[in-house]
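Keep in mind that what you see is a predicted model, and the values were worked out from it rather than measured.
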Amino acid sequence: MTIRRAMLLTGGLALLAVPFLFWLVMLSPLTYEYPEDWQMPDHDTTHTVFVYGTLKSAPLRWLVMGRAGQPAQYTLQGYERQGLDITENPDASVEGLLLEVSAGELRKLDRYERIGIRYERVQILRENGSGIWVYRRL
């Protein structure tokens, strides 16, 4: 085998390793267990989730949930973005998306966000009184 061929093969294997490592670390049930106090979302309900970071990316939502969904632009009032988190600030707002997801998709989002390790999922009331889920850093 020539050096050029070996380099091409090695590069190709590296490209295949990236999606596998993403799956293993971020999506696989093999590397994550839900916290003991985590409550399974109600299967009969559609859930509304506000996303403001990586989950704004449609390709990433496809990887995580199996579909991109039909998100709506949304501005969350009374919060400000600080790095990977949002914190309360009555004078600020955060731009993001609202996603309507099934209970199974919400479970996949919880796994991606590593509930209990990196984030917690909390319910915030919107101006109209309806609740939305938001991921907040631990």
Side-chain angles (χ1 to χ4, degrees):
M1 182 181 295
T2 66
I3 293 176
R4 179 177 162 80
R5 220 176 193 181
M7 289 176 63
L8 287 173
L9 180 62
T10 304
L13 290 175
L15 286 176
L16 290 174
V18 170
F20 174 75
L21 289 174
F22 177 82
W23 173 82
L24 183 65
V25 173
M26 302 305 287
L27 305 174
S28 167
L30 302 175
T31 59
Y32 173 73
E33 290 185 29
Y34 295 97
E36 288 182 19
D37 61 345
W38 181 81
Q39 293 188 353
M40 175 74 130
D42 183 2
H43 282 287
D44 299 331
T45 309
T46 300
H47 302 271
T48 304
V49 182
F50 175 72
V51 296
Y52 55 90
T54 59
L55 287 169
K56 288 176 23 181
S57 165
L60 184 63
R61 290 193 309 275
W62 267 105
L63 285 171
V64 173
M65 299 188 325
R67 70 181 185 97
Q70 295 179 324
Q73 295 288 331
Y74 185 73
T75 301
L76 183 63
Q77 300 294 330
Y79 287 84
E80 69 178 332
R81 180 140 183 214
Q82 292 187 339
L84 300 175
D85 197 12
I86 57 173
T87 57
E88 291 185 55
N89 178 344
D91 300 322
S93 62
V94 178
E95 298 293 323
L97 301 174
L98 284 183
L99 302 173
E100 295 293 323
V101 300
S102 69
E105 291 167 335
L106 185 62
R107 184 179 172 93
K108 291 175 183 178
L109 293 173
D110 287 351
R111 182 177 59 215
Y112 171 75
E113 296 292 9
R114 295 297 201 243
I115 295 297
I117 296 173
R118 292 187 325 182
Y119 286 89
E120 64 180 336
R121 179 171 34 88
V122 297
Q123 194 162 51
I124 294 177
L125 291 180
R126 293 169 37 180
E127 301 82 25
N128 67 7
S130 66
I132 58 173
W133 291 115
V134 176
Y135 292 101
R136 305 269 319 264
R137 291 286 287 184
L138 290 175

- OG/Ser130 to CD/Gln123 distance, rounded to the nearest 0.5 angstrom? 9.0 Å
- Message: Is the shortest side-chain heavy-atom distance between Phe50 and Arg126 below 4.5 Å?
- Response: no
- Item | Leu55 with Leu84, same ILVMFWY side-chain cluster at under 4.5 Å | yes
- Heavy-atom side-chain proximity of Leu109 to Val101 below 4.5 angstrom: yes
- Item | Set of side-chain contact (heavy atoms from CB on, under 4.5 Å) partners for Thr46, sequence neighbours left out | Glu100
- Return yes if some donor-acceptor pair links the side-chain N/O of Arg136 with the main-chain N/O of Ile86 below 3.5 Å, else return no. yes
- Message: Would you say that Glu95 contacts Tyr74 through its side chain, given a criterion of any heavy-atom pair below 4.5 Å between the two side chains?
- Response: no
- Query: Is the closest side-chain heavy-atom distance between Leu97 and Arg61 below 4.5 Å?
  - Reply: yes
- Set of ring pair (Phe, Tyr, Trp, His ring centres under 6.0 Å) partners for Tyr119, sequence neighbours left out: none
- For residues Pro35 and Gly116, report the shortest heavy-atom separation together with the two atoms involved. CG-CA, 3.7 Å
- Item | Spatial distance of atom CG (Asp91) from atom CD (Gln77) [nearest 0.5 Å] | 10.5 Å
- Below 4.5 Å, heavy atoms only, C-beta onward: do Asp85 and Tyr52 meet side chain to side chain? yes
- Query: So how far is it from Ile117 CD1 to Arg111 CZ, rounded to the nearest 0.5 Å?
  - Reply: 12.5 Å
- Message: If I compare all heavy atoms of Pro71 with all of Ala68, which pair ends up nearest, and what's the gap?
- Response: CD-O, 4.0 Å
- Task: Give the ring-plane orientation class for His47 versus Trp133, where under 30° counts as parallel, over 60° as perpendicular and anything between as tilted.
- Result: tilted
- Item | Pair Tyr135, Asp110: side-chain N/O donor-acceptor within cut-off below 3.5 Å | yes
- Query: Is atom CD of Glu127 surrounded by more than 12 heavy atoms (other residues, nucleotides or ligands) closer than 6.0 Å?
  - Reply: yes
- Message: Can a donor-acceptor pair be found, under 3.5 Å and without considering hydrogens, that links the side chain of Arg118 to the backbone of Tyr112?
- Response: yes
- Any side-chain heavy atom of Val49 sitting closer than 4.5 Å to one from Leu98? no
- Find out whether Leu106 and Arg121 are in side-chain contact, i.e. whether some heavy atom of one side chain is under 4.5 Å from a heavy atom of the other. yes
- Message: Check this for me: does any side-chain nitrogen of one of Arg67 and Glu105 sit under 4.0 Å from a carboxylate oxygen of the other?
- Response: yes
- Of all heavy-atom pairs between Leu60 and Thr54, which one has the smallest distance, and what is that distance? CD2-O, 3.3 Å
- Under 4.5 Å between any side-chain heavy atoms of Leu99 and Thr48, yes or no? no
